[in-house]
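See structure below.
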Amino acid sequence: MKIKITVVEQLGNCPCHRGMIVGDTFDFDRDRGDICPLAMHVLFPMINILRYGGTLKSDRFCCPDVDTINVFKIEKVEEFVHQYTDTFYQ
């Protein structure tokens with residue numbers, strides 16, 4: 001089982017400081033270093049709940065960035081296809 005994290009929406013007038021865009025998808029076990037630290041602060045407790053058999057009231061969570069709020073979808077999947085745009089380092 002894998003934990004898939006997808007950016008599903010961005011709110012605000014500024015681009016994400018880490019370069020994330022809608023559609024970026026991450027495998028938590030493999031790509032956690034590519035996910036914004038602000039987002040990981042919020043996502044990590046939810047990821048652990050899923051990893052250890054719990055359920056969430058919602059599969060959507062927001063990062064705490066005041067300029068651009070990224071909305072993430074978290075889900076358990078059997079297989080994972082990696083997809084993200086590395087705009088941060090360009």
Side-chain angles (χ1 to χ4, degrees):
M1 182 220 29
K2 299 280 188 181
I3 301 294
K4 178 181 172 183
I5 302 165
T6 305
V7 180
V8 294
E9 187 175 2
Q10 283 185 329
L11 308 171
N13 298 322
C14 297
C16 173
H17 299 294
R18 184 73 178 194
M20 295 180 147
I21 60 171
V22 172
D24 284 353
T25 303
F26 304 91
D27 172 344
F28 174 73
D29 289 323
R30 189 183 66 208
D31 305 319
R32 71 180 83 179
D34 296 328
I35 301 171
C36 172
L38 284 173
M40 280 303 301
H41 181 75
V42 172
L43 295 170
F44 189 72
M46 308 313 160
I47 291 164
N48 273 345
I49 289 169
L50 290 177
R51 289 180 88 173
Y52 297 107
T55 57
L56 303 172
K57 292 184 179 182
S58 175
D59 65 352
R60 313 263 168 150
F61 296 92
C62 298
C63 75
D65 189 329
V66 260
D67 294 325
T68 301
I69 299 172
N70 287 317
V71 181
F72 296 90
K73 179 178 180 182
I74 306 171
E75 56 191 319
K76 292 191 288 188
V77 295
E78 292 303 317
E79 288 196 31
F80 181 82
V81 176
H82 185 265
Q83 175 182 336
Y84 75 92
T85 306
D86 189 359
T87 56
F88 182 71
Y89 296 104
Q90 293 179 356

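Count residues from 1 along the sequence.
- Using a 4.5 Å cut-off between side-chain heavy atoms of Ile, Leu, Val, Met, Phe, Trp and Tyr, with links allowed through other members, Val66 and Leu11 fall into different hydrophobic clusters.
- Here the CZ atom belonging to Phe72 is positioned 13.0 Å from the CE atom belonging to Met46, to the nearest 0.5 angstrom.
- The shortest heavy-atom contact between Phe61 and Val42 is CB-CG1, 4.3 Å.
- No side-chain heavy atom of Asp65 sits under 4.5 Å from any side-chain heavy atom of Met20.
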Would you sort out whether Leu56 and Ser58 count as a side-chain contact (heavy atoms from CB on, under 4.5 Å), showing the intermediate values?
CA-CA 5 Å; Leu56 303 172; Ser58 175; 5.9 Å; no
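- In this structure, CG in Asp27 is found 8.5 Å from CD1 in Ile35, a value given to the nearest 0.5 Å.
- Side-chain contact between Asp67 and His17 is present, with heavy atoms from C-beta onward closer than 4.5 Å.
- Checked by atom type and distance alone, the side chain of Thr6 never pairs as donor or acceptor with a backbone atom of Thr25 at under 3.5 Å.
- Atom-to-atom distance recorded for Phe28:CZ and Ile47:CD1 is 4.5 Å, nearest 0.5 angstrom.
- The SG atom of Cys63 sits 4.5 Å away from atom CG of Asn70, with the distance rounded to the nearest 0.5 Å.
- Met40 and Leu50 fall within a single hydrophobic cluster, where Ile, Leu, Val, Met, Phe, Trp and Tyr are joined by side-chain heavy atoms under 4.5 Å apart, directly or via other members.
- Here the closest non-hydrogen pair linking Cys16 and Gln10 is CB-NE2, 3.6 Å.
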Applying side-chain contact (heavy atoms from CB on, under 4.5 Å) to Thr55 and Ile49, what does each step give before you reach the verdict?
CA-CA 7 Å; Thr55 57; Ile49 289 169; over 6 Å; no
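- Under a hydrophobic clustering in which Ile, Leu, Val, Met, Phe, Trp and Tyr are joined whenever their side-chain heavy atoms come within less than 4.5 Å, directly or via other members, Phe44 and Ile74 fall into the same cluster.
- Checked for salt-bridge contact, Asp31 and Lys2 miss the test: no charged N lies under 4.0 Å from a carboxylate O.
- The line from NZ of Lys73 to CZ of Arg60 is 5.5 Å long, rounded to the nearest 0.5 Å.
- In this structure, CD1 on Ile3 lies 11.0 Å from CG on Leu43, to the nearest 0.5 angstrom.
- Between Arg51 and Met1, the closest heavy-atom pair is CA-CE, 4.0 Å.
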